There are 4 protein chains.
Amino acid sequence: MNDMTTASLAGQERKAPGRPRNAQADEAILRAVLELLSEGQTVAAISIEAVAARAGVGKATIYRRWANKEALIIDAVAAMKGPLPALAGESVRDDLVTLITANRSGHARGFSKVTACLLPELLRDDSIVEMYKAVTEPRRELMRSVLRRGIATGELRDDLDIELTLLMLTGPSMMHGLFQWQPRVPDEGFVEKLVDGVLRGAAA
Amino acid sequence: MNDMTTASLAGQERKAPGRPRNAQADEAILRAVLELLSEGQTVAAISIEAVAARAGVGKATIYRRWANKEALIIDAVAAMKGPLPALAGESVRDDLVTLITANRSGHARGFSKVTACLLPELLRDDSIVEMYKAVTEPRRELMRSVLRRGIATGELRDDLDIELTLLMLTGPSMMHGLFQWQPRVPDEGFVEKLVDGVLRGAAA
Amino acid sequence: MNDMTTASLAGQERKAPGRPRNAQADEAILRAVLELLSEGQTVAAISIEAVAARAGVGKATIYRRWANKEALIIDAVAAMKGPLPALAGESVRDDLVTLITANRSGHARGFSKVTACLLPELLRDDSIVEMYKAVTEPRRELMRSVLRRGIATGELRDDLDIELTLLMLTGPSMMHGLFQWQPRVPDEGFVEKLVDGVLRGAAA
Amino acid sequence: MNDMTTASLAGQERKAPGRPRNAQADEAILRAVLELLSEGQTVAAISIEAVAARAGVGKATIYRRWANKEALIIDAVAAMKGPLPALAGESVRDDLVTLITANRSGHARGFSKVTACLLPELLRDDSIVEMYKAVTEPRRELMRSVLRRGIATGELRDDLDIELTLLMLTGPSMMHGLFQWQPRVPDEGFVEKLVDGVLRGAAA
DNA sequence: CGTTAATCGAGACGGTACGTCCTGTCTTCGG
DNA sequence: CCGAAGACAGGACGTACCGTCTCGATTAACG
């Protein structure tokens, strides 16, 4: 996910010369970022120096692994995400609820918030975009497969635009996490109501 | 929108003593922000010093008007938004398309991007939240009234959750603007397809 | 001596725009350097960061005045040097003793030591060479005039090489200060013995 | 000169176990230092890392041989010095010229410059002082013996202060090398003029 | 018409963080 | 045990901004 230079050189897995990286440092650094994040720090307010101090690590040890603050924080946030959830596979509706809930689990509004802070950087730096996709795309692909199955089983309209529906499911969820200063839509039951709303439609 | 100290103190409009503010400075500053923004600068990468230099203005002249960088940029971005659109009032569907299109007009993906950059700050500083709401809430209120009218006319289901529907309309639009590096959903016809999707629902 | 940009523009003495430099900062910075130097710090071991902290000043305030550490320390050391000494003018021998003693006064071995530390930089950077000359050349010129007077009065040989004699007077004095770890020549009476030795010569 | 740990421990010459040191590494390291020095690098600007890279050697290989940068550079500079010169033994004047010329040979102003750069470190670290003395003291002792012989043969005054005279001979020579940016005393004939000046004295 | 007071541009101020570089030590593997 | 390679904690470098402040010079309305 990070690594930069010492990456496995395609196939042959040549052992890198020199002293190997210390895996404990990786952990300590990511843990420090998560701690600072959970202490209510803004992403902009988190400094590499503070992370290094908290992790008991030299700054160079961080810069050896990540090119800049954004790459580090993306990686740290990715660690917040749990594994892909197991789907019951019985109804499209239940699977979507499971997926969206999992996307919000643990961090709930945290991931959305951090992601938003990073977007300006995401949009600029291709390598960070790749990191971000590596985290999110598997989840999005899983959601697509649920939608395709729903079309096959007849649960969903067969002219459904899958990518648009993806947006309709994830967009409101993300926004809901972002604008927490305006909680006109309560947390409890939100995911279910969202999925039902998307399925049923607003028209009479 | 800005002003801070020399603001008209409720009613009486007492003329402030001393040299009055220079209105050209306001313009030059906002123009400078917009220029920097349109040159592809990240919000984080725009510095007050750069804005001052570009506008040919002293830093203090900026800080006299805005409390900090975020307030300034919010104000500048608000200037990008056009006036509230006029609604035909014939069908809910058409009015929603008009509203969402207006929200994206001019800046399209620009406003979403800048907004997202500002979220971390929005979430921290109440006065900035107020500024932000002053820009967006009138638009959201207008959208609510369209939805309420739709329920009244029978175009929309009468058990519709208005706030949730608001999210379903604005969330995908915002996300679509944000993740422009992944344009799986094309720009042309997007708004119409989104509104139709929300109205119709995904279920068969 | 320092200044860099805000220098008087040749003649007209135009007042610089903007907030003027704080003279107390200059003093505090130079005092901090002298303190650190007198606490036995090596020149190499003195950091700008330490100077700034000790002087209660931001690093930028130092870099605004001096281009680098060497220029700063030269300036600080120059402040150690007292004013040019008054010469009795009776005998060449006594005047030389007075001059050399003055060159060693206050700092004794300190100035030599610091100067030696700075030589590698002196030799590289022309602007620092100028600063250094501004401090030392007036003293050297005074010594030359004493030698010329001695030739005129017949106290010194009239074929005397003045520049070489200058070296013979200042070189041993400097070296004596430098190699204090090998004090085979005691401090007391050193200057008198040196001047007498130079005058008399070693030959029988 | 270097060695440190694997040195022959007084007498017994026990064969060290394990792989023996690579003598080519010693050479490569010293050569690298001399190269960097001759490329106009300041002593302060020469880093162990650069030396290691240039020599194609690991940093540890350097630190195994020398305690720190200063010790390494002293050793490298010592290698610049040729062997002790042979003295004609006919006149004190000629022998002093030979000795001082030898001290300046090859490196001329180079050795003075490097020595001056090292002084701050010399003054701090006793082990480096010892290394430095090991290089210079034999030369100084040889000069002392010439002076003593001169007193015995009647060429020099019998109340001559030998240590002071040593300073009078070496100090100007060193200073002349240092302040090459102010060449008021030309190189050619310098040593002869210095020795003659010291012998004859300045008085009429 | 001169005072008064807030404005302007410029830029210095004490700070904080950046990302780079180097130090001297340690840790791996292969000779 | 030596060697090249390179990671490690630490710390200084010189730069860039932050938000505040202090200058001299404007620029009104008030007295």
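All values derive from a computational prediction rather than experimental measurement. All chains are named by letter (A, B, ...) in the order of the sequence lines, taking the proteins before the strands, and each is independently numbered beginning at 1. Below, all heavy atoms of this structure are taken into account, side chains as well, without hydrogens, waters or symmetry copies.
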Inset, instruction - Would you name the heavy atoms of D:A55 and D:A28 that are closest together and state the gap between them? - result: CB-O, 3.6 Å

Inset, instruction - Whole angstrom is fine here: how far is it from CH2 in C:W66 over to P in F:dG14? - result: 14 Å

Inset, instruction - Considering just the side-chain nitrogens and oxygens of C:T61, establish if one lies under 4.0 Å of OP1 or OP2 belonging to E:dA12. - result: no

Pick out the pairs of N or O atoms, protein on one side and nucleotides 21-25 of chain F on the other, that lie under 3.5 Å.
{"unit_1": "F:dC21", "atom_1": "O2", "unit_2": "C:R19", "atom_2": "NH1", "d": "2.8"}

Inset, instruction - Name all residues meeting the salt bridge (charged side-chain N to carboxylate O under 4.0 Å, His left out) criterion together with B:K59; count only those two or more places apart in sequence or in a different chain, and write none if there are none. - result: B:E49

Inset, instruction - Figure out the CD/C1' separation between D:E27 and F:dG3, and round it to whole Å. - result: 16 Å

Legend entry - Nearest-nucleotide 5' precedence on DNA chain F, B:N68 against C:I46: C:I46

Legend entry - Distance in Å, C:N68 CG paired with C:Y63 OH, rounded so as to fall on 0.5 Å steps: 8.0 Å

Legend entry - Closest non-hydrogen atom pair between A:V33 and A:A76, with its separation: CG1-CB, 3.5 Å

Legend entry - Reference residue B:L72; test side-chain contact (heavy atoms from CB on, under 4.5 Å); the match among B:I62, B:I46, B:V77: B:I62

Legend entry - Between P of E:dG14 and CD of C:Q24, the distance in whole Å: 10 Å

Legend entry - Any B:R65 side-chain nitrogen or oxygen under 4.0 Å from OP1 or OP2 of E:dA6: no

Legend entry - Check: D:V43 and D:L37 side chains under 4.5 Å, non-hydrogen atoms: yes

Legend entry - Contact list for DNA chain F against residues 49-57 of chain A - heavy-atom distance below 4.0 Å: A:G56, A:V57

Inset, instruction - For C:A25 and for A:I48, locate the closest nucleotide of DNA chain E by heavy-atom distance; then report the residue assigned to the nucleotide nearer the 5' terminus. - result: C:A25

Inset, instruction - Rounded off to whole Å, could you give me the CD1-to-P distance for the B:I62 and E:dT7 pair? - result: 15 Å

Legend entry - Spacing of A:E70 atom CD relative to E:dA17 atom C1', expressed in whole Å: 13 Å

Legend entry - Criterion side-chain contact (heavy atoms from CB on, under 4.5 Å) against C:I29, the qualifying member of C:L34, C:D75, C:V57: C:V57

Inset, instruction - Please determine if a side-chain N or O atom of A:R21 lies less than 4.0 Å away from the OP1 or OP2 oxygen of E:dC26. - result: no

Inset, instruction - Flag the pair A:D26 and A:R65 as a salt bridge only when some basic side-chain nitrogen lies within less than 4.0 angstrom of an acidic carboxylate oxygen. - result: yes

Inset, instruction - Between D:G58 and C:K69, just flag the one whose closest nucleotide in DNA chain F comes earlier from the 5' side. - result: D:G58

Legend entry - Atom CD of B:Q24 with >12 non-hydrogen neighbours under 6.0 angstrom: no

Inset, instruction - Measure the distance from OH on D:Y63 to P on E:dT27 and round it to the nearest whole Å. - result: 17 Å

